[in-house]
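Naming: A, B, ... by sequence-line order, numbering from 1 per chain. Both backbone and side-chain heavy atoms feed into the values below; hydrogens, waters and symmetry mates do not.
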Amino acid sequence: MLVIRGERERPEMIREEVAEVLKRILGVEEIPFNVPPQRKMGDLSSAICLSLAKERKRPPMEIAGEAVEQLKANLPPHIQEVTLTPPGYINFKVNWSRLTRELISEILEQGESAGKSFSGGNEKVFIEHTSVNPNKAMHIGHLRNSVLGDTIARVFRWLGYPTEVCNYIDDTGVQVVDVVTALLYLNPPLFEEGTSDFKSVWQKIPEDHPIDYFCWDLYARFQNEVEKDPSLREKREEILHRIEGGNHPVSDFAKELATRIVQSHLETVARLSVFYDLLNWESDIIRQGFWETTFELLKEKGGLRFETEGPNEGCWVVPFGGIAETSNGVRSLDKILVRSNGSITYTAKDIAYQLWKFGILEKDFLYRTWGKQDHGEVLWTTSMEGKEGHQISRRFGKADRVINVIDVRQTYPQQVVSECLRQMGFEKEAERSIHLAYEVVNLSPQAARILGAEETDEKRSVAMSGRSGTGVKAKDFIEMVKKKVVEKADHPLEQSVANALTSAAIRYYLLKFTLESQIVFDFDEALKTTGDTGVYLEYAHARASSILRKAEERKIDFQWGKGVVPVQLTDTERDLVGAISEFASVVMKTAENLRVSRLTEYAFDLATAFTNFYEHPDPGSKVQTPFIHLRDESLRTFRLSLVRAFQIVMGNTLRLLGMPALEKI
RNA sequence: GCGCCUGUAGCUCAGAUGGAUAGAGCUACGGACUUCUAAUCCGUGGGUCGGGGGUUCGAAUCCCUCCAGGCGCGCCA
């Protein structure tokens with residue numbers, strides 16, 4: 001759990017006010033709170049006296065009774081009534097009128113920065129997400145990663161933390177090697193040794209076929225071919241060395257290929273408003289000698305061992321405790337960083353990279369700009385042709401906290417990385433190396449069948465696999481959702497609106513699940529546009545905007561003043577105020593525990609509260625008068641101001657979720 | 001074998017720190033639009049919170065155990 005410093009927000013504030021008084025009265029350290037099951041009981045409740053009964057050897061009703069008496073004599077500022085219900089609950093009624101006056105004033109005054117805190121100080125947060133192998137198209141599982149990381153980054157930025165987002169490009173890994181090998185040697189015209197002219201190879205990619213899609217199929221095909229053709233395996237080995245070594249036409253070709261595919265990945269996620277500050281290339285980590293420095297550091301600080309015997313003979317390993325029996329027989333648990341042939345493992349590179357993120361490593365990348373992104377910010381990239389860190393306008397790395405967004409299957413290697421940091425003596429950095437682990441996206445049996453997967457079990461979900469080419473490609477999915485959104489609309493949509501709804505629907509779908517919940521992707525489920533969806537959120541915001549627009553068109557003057565707040569709010573007014581008041585503390589909690597689903601849940605609650613208020617501002621009454629038609633000027637002003645306050649907070653919530661806040665649909 | 005995660009309504013999922021009658025959405029059925037935007041709202045139906053023990057005044061939540069599913073434990077990345 002991260003510790004987030006921040007100002008106390010409304011619900012927290014009220015709770016703390018109450019807790020303060022109660023702690024004094026009862027002489028306890030902590031006061032637990034909960035919400036009563038029925039509204040008439042109150043808005044806030046505590047069962048503290050029930051747990052106190054035993055140790056104090058007194059009936060809970062008696063303890064609570066005395067506490068209530070004292071509370072009545074000394075009411076916390078935002079509480080208007082305290083009651084007692086058996087078997088010993090203390091219930092509090094909030095002074096909604098007062099809370100509403102303060103809350104709306106504050107929001108209208110602060111506008112779009114309402115609820116924003118500037119508590120982050122100088123603590124820099126470094127977030128790595130996406131990091132898709134640049135050898136094929138992205139699929140929906142990758143999107144979950146991107147959208148999670150992007151949302152977390154938005155939350156930290158909002159809270160005032162200097163935040164840096166990077167996308168790691170593994171351009172020297174076997175996946176890229178496979179596709180390069182396939183391009184060069186699978187189909188004629190074959191690559192001729194000694195030449196640096198790759199024109200004919202590039203021409204294999206049809207012009208009307210996106211490169212990432214082409215490589216998706218090619219990569220899957222290559223997996224089959226390489227199985228039965230030993231000469232391809234040899235070629236692959238050769239190409240691996242050339243790419244790792246650099247300084248060879250094939251290496252340049254691989255880089256070019258990866259660059260083009262990265263570009264298509266960036267275009268894909270940009271459709272969901274996902275952007276980065278920096279692209280970090282693995283080839284640059286290798287070429288800048290990050291590992292050599294790390295190797296020395298590891299040997300110097302300890303935590304690394306050269307094996308002279310046993311199964312890992314000839315390797316440099318990090319000891320992780322003995323031998324274990326696994327399903328594949330008896331294995332050493334120690335993590336190999338340098339193989340007996342001298343080459344280094346992925347985890348070794350990861351350790352070096354993690355050290356760089358914290359600014360521990362003396363080495364640095366060279367940097368240049370990649371280009372401007374759709375949101376107007378420049379994207380940087382590491383590059384051997386770039387400038388040194390001190391020569392550019394930005395400073396990358398040197399973070400105080402590092403969040404790596406990687407799926408749950410990589411928990412073990414991530415632990416190895418932070419454990420290595422610990423063993424090297426970087427205790428604080430190990431503590432602040434956070435693996436944001438989330439479960440994968442699988443395909444429902446139906447979805448798998450639609451995609452043409454063979455042998456689907458009707459009960460079991462199917463893992464997506466780049467190797468076999470089964471998966472829902474991100475761009476396909478985006479297009480499908482867009483098509484559905486346009487179809488479902490009762491009027492023609494502007495392109496920008498259709499795109500915004502599409503993005504909101506997809507982001508919401510991928511964010512609403514808890515981190516440990518596997519998403520079993522099903523087309524019907526994922527293409528929903530009613531109920532608990534991103535579309536619902538957009539409608540609530542657009543509806544509020546329309547009301548305000550209409551009020552303006554009719555020249556309705558609604559000048560906010562605290563005097564317009566009714567003494568007694570209706571149920572739906574009160575629920576909406578309650579939802580609005582929770583905004584800031586929800587954002588804070590999201591940053592603390594990195595559980596973004598809490599934010600989507602809140603967004604839905606907030607939108608629901610508004611929609612209910614809009615449909616039934618006077619729940620008891622048979623007639624519901626549109627706000628702009630209200631005769632009672634004071635009430636009209638109040639309700640329109642509440643709409644405005646909602647619109648501001650909903651807009652902020654949407655932006656935190658990376659969704660455009662539509663004024664009109 | 002060891003470790004981690006999951007199991008809640010027909011389906012998809014929420015349910016910090018243990019609290020009062022376990023909630024949404026979808027689906028089904030029945031209602032509400034000469035509109036401040038109905039991708040909405042209202043109503044009805046729907047549950048042995050995987051099973052069994054335990055701790056507690058109180059357990060979906062904590063502990064033990066069993067069952068079912070997923071993942072991890074590579075000189076892969």
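- Judged by the 6.0 Å and 45° rule, Arg543(A) forms a cation-pi pair with Tyr614(A).
- When the C1' atom of C13(B) is taken as reference, atom OH of Tyr508(A) falls 10 Å away, rounded to whole Å.
- Out of U37(B), A14(B), C36(B), the shortest distance to the side chain of Phe513(A) is found at A14(B).
- Using a 4.0 Å heavy-atom distance criterion, Leu662(A) is classed as making no nucleic acid contact.
- Lys664(A) has its NZ atom 10 Å from the P atom of U37(B), to the nearest Å.
- Contact annotation: the side chain of Asn91(A) never approaches that of Leu84(A) to less than 4.5 Å [non-hydrogen atoms, C-beta and beyond].
- Defined by atom type and a distance below 3.5 Å, a donor-acceptor pair is missing between the side-chain atoms of Glu244(A) and Thr172(A).
- Contact annotation for Thr411(A): no contact, since no heavy-atom pair falls under 4.0 Å across all strands.
- Residue contacts for Ser51(A): at a heavy-atom cut-off of 4.0 Å it reaches a base atom on one of the strands shown.
- Each of Thr637(A), Leu640(A), Ile556(A), Leu548(A) was compared with Phe627(A) under the side-chain contact (heavy atoms from CB on, under 4.5 Å) criterion, and only Leu640(A) meets it.
- No engagement by Asp522(A) is indicated, since no non-hydrogen atom pair under 4.0 Å with the nucleic acid exists.
- Contact check, Lys488(A) against A39(B): no side-chain N or O comes under 4.0 Å of OP1 or OP2.
- Checked options Tyr168(A), Phe290(A), Tyr346(A); the residue passing with Tyr353(A) is Tyr168(A) (criterion: ring-ring contact (aromatic ring centres under 6.0 Å, His included)).
- When each of Val174(A), Asp171(A), Val180(A), Val176(A) is tested with Asn135(A) by the rule side-chain contact (heavy atoms from CB on, under 4.5 Å), just one qualifies, namely Val176(A).
- As rounded to the nearest Å, G45(B) and G31(B) have C1' atoms that lie 15 Å from one another.
- Between A77(B) and Thr345(A), no contact under 4.0 Å exists linking OP1 or OP2 to a side-chain N or O.
- Checking A77(B), C26(B), A20(B) against every side-chain atom of Asn34(A), the shortest atom distance belongs to A20(B).
- Side-chain to base pairing of Ser517(A) with C13(B): no donor and acceptor N or O lie closer than 3.5 Å to each other.
- No hydrogens or angles considered: nothing links the side chains of Thr347(A) and Thr345(A) as a donor-acceptor pair under 3.5 Å.
- Contact annotation for Val408(A): no contact, since no heavy-atom pair falls under 4.0 Å across all strands.
- Contact annotation: Arg339(A) side-chain N/O to A77(B) OP1/OP2 distance is under 4.0 Å.
- Between Phe583(A) and Tyr602(A), the two ring planes are tilted [angle within 30° to 60°].
- Side-chain atoms of Tyr539(A) come within donor-acceptor range of the base of A39(B), with a qualifying N/O pair under 3.5 Å.
- Ranking A20(B), A77(B), C5(B) by closeness to the Tyr346(A) side chain, first place goes to A77(B).
- For Phe604(A) and U12(B), the CZ to P distance is 18 Å, given to the nearest whole Å.
- Taking atom C1' on both A20(B) and C66(B), the two are 32 Å apart, rounded to the nearest angstrom.
- Taking the C1' atoms as reference points, G30(B) lies 46 Å from C71(B), given to the whole Å.
- Of the listed nucleotides (A14(B), G70(B), C41(B)), G70(B) has the atom at the smallest distance from the side chain of Arg460(A).
- The base of A14(B) lies outside donor-acceptor range of the side chain of Ser597(A), with no N or O pair under 3.5 Å.
- Not a single donor-acceptor contact under 3.5 angstrom links the side-chain atoms of Asp605(A) to the base of A14(B).
- Closest approach to the Ile336(A) side chain among G25(B), C36(B), C75(B) is made by C75(B) (side chain taken as heavy atoms from C-beta onward).
- If you check every strand for non-hydrogen atoms under 4.0 Å, Leu50(A) touches a base.
- Comparing the P positions of G47(B) and U8(B) gives a spacing of 15 Å, expressed to the nearest Å.
- If you check every strand for non-hydrogen atoms under 4.0 Å, Glu601(A) touches sugar and phosphate atoms only.
- Candidate nucleotides A20(B), C57(B), G15(B) were compared by shortest atom distance to the side chain of Lys54(A), and C57(B) ranks first.
- Not one side-chain nitrogen or oxygen of Lys335(A) sits closer than 4.0 Å to the OP1 or OP2 atom of G74(B).
- Counting non-hydrogen atoms under 4.0 angstrom, Leu501(A) reaches a base of the nucleic acid.
- If you check every strand for non-hydrogen atoms under 4.0 Å, Leu548(A) touches nothing.
- The base of A20(B) sits within donor-acceptor range of the side chain of Thr85(A), with an N or O pair under 3.5 Å.
- Counting non-hydrogen atoms under 4.0 angstrom, Pro37(A) reaches a base of the nucleic acid.
- Look at the P atom in both U55(B) and G72(B): the space between them is 39 Å, to the nearest Å.
- Under the stacking criterion of a centre-to-centre distance below 5.5 angstrom and an interplanar angle below 30°, Tyr412(A) is not stacked against the six-membered ring of G72(B).
- C76(B) is unpaired under the criterion used here, namely a Watson-Crick or G-U wobble arrangement in which both key atom distances are under 3.5 Å.
- As rounded to the nearest Å, A24(B) and A9(B) have P atoms that lie 15 Å from one another.
- The partner of U61(B) is absent, by the rule that a Watson-Crick or G-U pair needs both atom distances under 3.5 Å.
- Using atom P as the reference point in both A14(B) and A68(B), the two lie 24 Å apart (nearest Å).
- Comparing G46(B) with U27(B), their C1' atoms sit 11 Å apart, to the nearest whole Å.
- Ala489(A) comes within contact range of at least one nucleobase, with a heavy-atom separation under 4.0 Å.
- Using N1 to N3 plus N6-O4 or O6-N4 for Watson-Crick, or N1-O2 and O6-N3 for G-U wobble, each under 3.5 Å, C33(B) pairs with nothing.
- Among the atoms of the strands shown, none is found under 4.0 Å from any heavy atom of Asp524(A).
- How far CG of Asp170(A) is from OG of Ser131(A): 9.0 Å, rounded to the nearest 0.5 Å.
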